[in-house]
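So that the names make sense, note that chain A is the first sequence line, chain B the second, and so on, each numbered from 1. Side-chain atoms are counted along with the backbone in the values below, which use heavy atoms only and exclude waters and symmetry mates.
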Amino acid sequence: MERKRTDCPALPPGWKKEEVIRKSGLSAGKSDVYYYSPSGKKFRSKPQLSRYLGNSVDLGSFDFRTGKMLPGKLSKNRQRQRHDVSLSKGGKLDLNTALPIRQTASIFKQPVTKVTGHPGNKVKSDLQRASEQPRQLFWEKRLKGLRSSDVTEEFLRTMELPPGLTSVAPDSSDATLLSAIASALHAGSAPVTGQTSAAAEKNPAVWLNAAQPLCRAFTVTDQHIREQELKVDQARKSLEEALLADGLARAQELSL
DNA sequence: GCCACCGGTGGC
DNA sequence: GCCACCGGTGGC
């Protein structure tokens, strides 16, 4: 019979795809496609597969019949997906933007792992470094075009960056740089210093400091600090005045 | 009771 | 008109 269970390139090892040709009836000659999970569960439609995998997996561009990811096939779900790129329904970090992620043509997100324990490896290993996750060079480029919005889906106003901050990434806008710096501040506890090696621009594969955003090194002067202090001071004064006015208004309301 | 298999149909 | 999806059932 025409019964071939094959590996499926878009699915992890263990998943099988099967195509069964109909032998009789009005639909003889047509075929049905089934998938089998590693545990042996049979799937006969994309919705069924989707339900099983949960909403953390995007099957939008997965073609059930061929078993491949079709780049041109972005479903109507696309609009929705743009809004919650980094947070899945449960509020957990979605690996789609929790980096680094291997960019393969698989419906499953595959985190990058760093292998340091090759047998026979004579190189002295640095235990500190071995424990840290590798990061993909220029991953910040994937922040491009993403903007924050409020609950009404209205775009929020973005901040202006000080003129001293410039990007080392090719083809990078101010907005992307802002996202990259914000990500660095949010994701790590280390201070953001930017790329301190000038060689990073010429040969990023060797010299780029992946722990730092794609931002040229900058210096913070006493002047900068004073300006920032002034801003905070002004903000505090404004707040004080607002609270005072509010308190007066309430008091007046009560005495009426 | 299970499931391989084909029919029927809703949505495009 | 096509076909993805799923209901239904005959055979085991």
Exercise for the section: Measure the distance from CD on A:E18 to P on B:dC5 and round it to the nearest whole Å. Expected result: 8 Å
Practice task
Could you tell me the separation between the CZ atom of A:R22 and the C1' atom of C:dC5, rounded to a whole number of Å?
Solution key: 11 Å
Handout entry: Sidechain-backbone polar pair: A:K46 side chain, A:D63 backbone, donor-acceptor under 3.5 Å
Key = no
Handout entry: Short side-chain N/O contact from A:S45 to OP1 or OP2 of C:dA4, under 4.0 Å
Key = no
Problem - Separation of atom CD1 in A:I21 from atom C1' in B:dC6, rounded to whole Å - result: 14 Å
Exercise for the section: Report yes or no: does A:T166 contribute a side-chain atom to a donor-acceptor pair with the main-chain N or O of A:R216 at less than 3.5 Å? Expected result: no
Handout entry: Which nucleotide in C:dA4, B:dC5, C:dC5 has an atom nearest any side-chain atom of A:R65
Key = C:dA4
Exercise for the section: To the nearest Å, give me how far apart OH (A:Y52) and P (C:dC6) are. Expected result: 17 Å
Problem - ILVMFWY cluster, A:I225 and A:L165 together (side-chain gap under 4.5 Å) - result: yes
Practice task
Please report, rounded to the nearest Å, how far the C1' atom of C:dA4 is from the OH atom of A:Y35.
Solution key: 13 Å
Practice task
Nearest 0.5 Å please: distance from the CD atom of A:E229 over to the NE2 atom of A:H224.
Solution key: 13.5 Å
Practice task
Give a yes or no answer on whether the side chain of A:R22 reaches the backbone of A:G29 with a donor-acceptor pair at less than 3.5 Å.
Solution key: no
Practice task
Using atom CG of A:L49 as one end and atom C1' of C:dA4 as the other, report the distance to the nearest whole Å.
Solution key: 14 Å
Exercise for the section: Establish, with yes or no, whether the OP1 or OP2 oxygen of B:dC5 is under 4.0 angstrom from a side-chain nitrogen or oxygen of A:S24. Expected result: no
Practice task
Check whether the ring centres of A:F64 and A:F43 lie less than 6.0 Å apart, and answer yes or no.
Solution key: no
Handout entry: Base-contact (B) and sugar-phosphate-only (S) positions in nucleotides 7-12 of chain C, heavy-atom cut-off under 4.0 Å, - elsewhere
Key = BB----
Handout entry: Length of the CD-C1' vector between A:Q48 and C:dC5, whole Å
Key = 10 Å
Practice task
Tell me whether the OP1 or OP2 atom of C:dC2 has a side-chain N or O from A:K30 closer than 4.0 Å.
Solution key: no
Exercise for the section: Kindly indicate, with the supporting measurements, whether the criterion side chain to side chain contact (heavy atoms under 4.5 Å, CB included) is fulfilled by A:Y35 and A:K42. Expected result: CA-CA 6 Å; A:Y35 289 87; A:K42 184 178 184 177; over 6 Å; no
Practice task
Check whether any side-chain N or O of A:K23 sits under 4.0 Å from OP1 or OP2 of B:dC5, and answer yes or no.
Solution key: yes
Problem - Whole angstrom value for the distance that separates C1' of C:dC3 from CZ of A:F64 - result: 13 Å
